[in-house]
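Keep in mind that this is a model prediction, so the values were computed, not measured. Basis for what follows: all heavy atoms, side chains included, without hydrogens, waters or symmetry-related copies. Note that ligands are numbered from 1 as they come in the structure, with each ligand's atoms numbered from 1 the same way.
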Amino acid sequence: ASAVSGTLFSVGAQAADMTIGFSQIGSESGWRAAETTVSKAEAKKRNINFKIADAQQKQENQIKAIRSFVAQGVDAIFLAPVVATGWDSVLKEAKEAKIPVVLLDRDIDPAGKDLYLTAVTSDSVHEGKVAGEWLVKTAAGKPCNVVELQGTVGASVATNRKKGFEDGIAGASNVKIVRSQTGDFTRAKGKEVMESFIKAEGGGKNICAVYAHNDDMMVGAIQAMKEAGLKPGTEVLTVSIDAVPDIFKAMAAGEANATVELTPNMAGPAFDAVIAFKEKGTVPPKWIQTESKLYTQADNPMAVYEAKKDLGY
Ligand code: AHR
């Protein structure tokens with residue numbers, strides 16, 4: 001990447017010279033696939049040379065990818081950290097090489113704050129809280145046993161979505177989490193764990209609601225409930241996070257109730273922050289927060305499905 005001095009160049013002109021490496025987690029969910037697709041499109045819009053390394057869910061692969069980006073002398077590194085801890089050494093190496101790092105969609109431990117330029121993420125505690133508050137309102141005072149499908153153990157979003165949901169139901173003694181286990185953000189594990197919850201809870205008759213940290217696990221859980229003769233969306237309430245097209249399909253069929261949207265476009269604001277930083281020295285805020293919006297069956301789910309289905313999910 002070249003540094004041009006003496007002339008005022010447009011953002012596009014400088015961006016065209018930039019190479020940015022992205023250490024992506026993998027392809028565990030529809031949301032993740034969309035994030036990868038959208039990131040590539042956002043890079044193309046800005047003429048950025050964009051290199052994506054798929055870590056296949058392994059932190060060690062992410063660390064290797066970051067080291068390789070540092071060795072290549074890229075202009076910036078995007079990192080979607082699979083877990084929150086264990087980044088200090090490698091991020092220090094990037095810092096020493098004067099390569100700004102931007103976190104996408106997940107956080108690292110607060111102790112690592114000096115090691116990255118900015119983080120583009122949602123407020124994942126808030127997402128969980130919105131889900132919990134929706135359930136409290138919908139249960140309307142009736143006793144409600146909840147089973148929870150957690151995301152990847154150690155991921156900031158899993159910790160935060162759990163905490164947020166617990167905050168959301170804290171004032172309602174009728175709503176109780178009776179089982180909680182990781183489904184690793186995948187459909188297959190969501191289904192498998194839900195099957196074990198159903199067995200453990202009297203064939204599912206004691207389950208009033210399922211809370212899943214992402215829609216993919218919920219889609220798996222819906223399948224498990226249907227196979228067990230339960231009626232998700234009516235007998236068993238569902239609330240999850242991401243707003244992927246398939247959950248809207250399930251909502252339109254009356255088999256899912258609510259989802260909290262997570263935008264897959266984390267890279268757009270990240271590119272803009274890096275360009276402004278490189279071009280004008282503008283230091284972005286430490287946190288660029290994306291929106292979280294609740295959707296229910298009342299929000300014309302089929303129309304949302306149609307609008308989203310070709311966006312790379
Ligand atoms: O970090 C964002 C989460 O990771 C998404 O909610 C989930 O689907 C993905 O795997």
Is the closest side-chain donor-acceptor distance between Thr118 and Trp287 under 3.5 Å?
-> no

Check each protein residue for a heavy atom under 4.0 Å from ligand 1 and list those that pass, ordered by chain and number.
-> Glu28, Ser29, Trp31, Arg32, Asp105, Arg106, Val157, Arg161, Phe185, Asn214, Asp242, Leu262

Considering only NZ, NE, NH1 and NH2 on the basic side and carboxylate oxygens on the acidic side, decide whether Glu201 and Arg179 come within less than 4.0 Å.
-> yes

Here the gap from Thr121 atom OG1 to Ile288 atom CD1, rounded to the nearest 0.5 Å, amounts to 9.5 Å

On the 0 to 90° scale, with breaks at 30° and 60°, tag the Tyr211-Phe165 ring pair as parallel, tilted or perpendicular.
-> parallel

Is the closest side-chain donor-acceptor distance between Asn49 and Thr19 under 3.5 Å?
-> yes

Under 3.5 Å side-chain donor-acceptor pair for Gln150 and Thr182 | no

